[in-house]
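This chain uses plain numbering: 1 for the first residue, then up along the sequence. When reading the values below, keep in mind they use all heavy atoms of this one structure, side chains included, and skip hydrogens, waters and symmetry mates.
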Amino acid sequence: VQLQASGGGLVLAGGSLRLSCVASGIFFSSNSAGWYRQAPGKQRELVAQIRTSGGIRYADSVKARFAISRDVAKNTVYLQMNGLKPEDTAVYYCNKWPPMDYWGKGTLVTVSS
């Protein structure tokens, strides 16, 4: 199994980024997926999830700013992040939901004020 997240970077507050996660060994068509993040000194938290049914849920802190989506043909999950805030700074990971023990490297998002 591999989960390859990309798209992170340094952005000014109010800016946008689009994260991508390509999976191999698992299929997002038959597994619910989630984007998670871990800020320095904090526990990893679930940011957004998309179920196999297409149902979507967001953490309260990102509602109306982030959007999760998936492309089953490409076995890829996306996270569009708008209106970024300094408190969104973290390493972002994708995984199944609920998550499996394996976590990819993640992608670092840094939001500067």
Next on the checklist: Could you measure the distance from the NZ atom of Lys74 to the SG atom of Cys21? Nearest 0.5 Å is fine.
Outcome noted: 14.0 Å

Checklist entry - Would you say Leu17 and Phe66 are hydrophobically clustered, going by side-chain heavy atoms of ILVMFWY under 4.5 Å? => result yes

Next on the checklist: Test of understanding: with side-chain hydrogen bond (donor to acceptor under 3.5 Å, both in side chains), list the residues that count as partners of Arg18, not counting sequence neighbours.
Outcome noted: none

Item to check | Lys42 NZ to Glu87 CD distance, which is reported to the nearest 0.5 Å | outcome: 8.5 Å

Item to check | Nearest-0.5 Å distance that lies between atom CG in Asn95 and atom OG in Ser32 | outcome: 11.5 Å

Checklist entry - Can the positive tip of Arg44 be found less than 6.0 Å from the middle of the six-membered ring of Tyr93, inside 45° of the ring normal? => result yes

Item to check | Which atom of Pro86 lies closest to which atom of Ala13, heavy atoms considered | outcome: CD-CB, 4.2 Å

Checklist entry - Stepwise, does the side-chain contact (heavy atoms from CB on, under 4.5 Å) test hold for Arg70 with Val72? => result CA-CA 6 Å; Arg70 65 184 174 189; Val72 170; 4.2 Å; yes

Next on the checklist: Do Val111 and Trp35 land in one hydrophobic cluster if side-chain heavy atoms of ILVMFWY residues count as linked below 4.5 Å?
Outcome noted: yes

Item to check | Pair Trp103 and Tyr36, ring centroids less than 6.0 Å apart | outcome: yes

Checklist entry - Quick one: are Val62 and Arg37 in side-chain contact, heavy atoms under 4.5 Å? => result yes

Item to check | Residue pair Leu3 / Cys94: nearest heavy atoms and the distance that separates them | outcome: CD1-O, 3.4 Å

Checklist entry - Under 4.5 Å between any side-chain heavy atoms of Leu19 and Val109, yes or no? => result yes

Checklist entry - Mind checking whether Val77 and Leu46 sit in one hydrophobic cluster, side chains of I, L, V, M, F, W, Y counted as touching below 4.5 Å? => result no

Checklist entry - Just by distance, with hydrogens left out, do Asn82 and Ser16 show a side-chain donor and acceptor under 3.5 Å apart? => result yes

Checklist entry - CD of Gln38: more than 12 outside heavy atoms within 6.0 angstrom? => result yes

Checklist entry - Going from OG on Ser113 to CG on Leu12, what distance comes out if it is rounded to the nearest 0.5 angstrom? => result 9.0 Å

Checklist entry - Does any N or O in the side chain of Arg57 come within less than 3.5 Å of the main-chain N or O of Gln49, such that one atom is a donor and the other an acceptor? => result no

Next on the checklist: Looking at Tyr78 and Asp71, would you say the former's side chain and the latter's main chain have a donor-acceptor pair under 3.5 Å?
Outcome noted: no

Next on the checklist: One pair to check against side-chain contact (heavy atoms from CB on, under 4.5 Å): Ser112 and Leu10. What are the steps and the verdict?
Outcome noted: CA-CA 7 Å; Ser112 172; Leu10 174 63; 4.2 Å; yes

Checklist entry - Salt bridge or not for Lys85 and Asp88, using N-O below 4.0 Å? => result no

Checklist entry - Would Phe28 and Thr76 count as a side-chain contact (heavy atoms from CB on, under 4.5 Å) if you check the C-alpha gap in whole Å, the side-chain angles of each, and the deciding distance to 0.1 Å? => result CA-CA 7 Å; Phe28 290 131; Thr76 300; 5.8 Å; no

Item to check | For the student: nearest non-hydrogen atoms of Ile26 and Asn75, plus distance | outcome: O-ND2, 2.8 Å

Checklist outcome for this item: Here the pair of heavy atoms bringing Tyr58 nearest to Ala48 is CD2-CB, 3.5 Å

Checklist entry - With hydrophobic residues grouped by side-chain heavy-atom distances under 4.5 Å, do Tyr92 and Tyr102 end up in a single group? => result yes

Item to check | Point-to-point distance, once rounded to the nearest 0.5 Å, from OG1 of Thr107 to CD of Gln4 | outcome: 10.0 Å

Next on the checklist: Test of understanding: clusters of I, L, V, M, F, W, Y form through side-chain heavy atoms closer than 4.5 Å, transitively. Do Val47 and Ile50 belong to the same one?
Outcome noted: yes

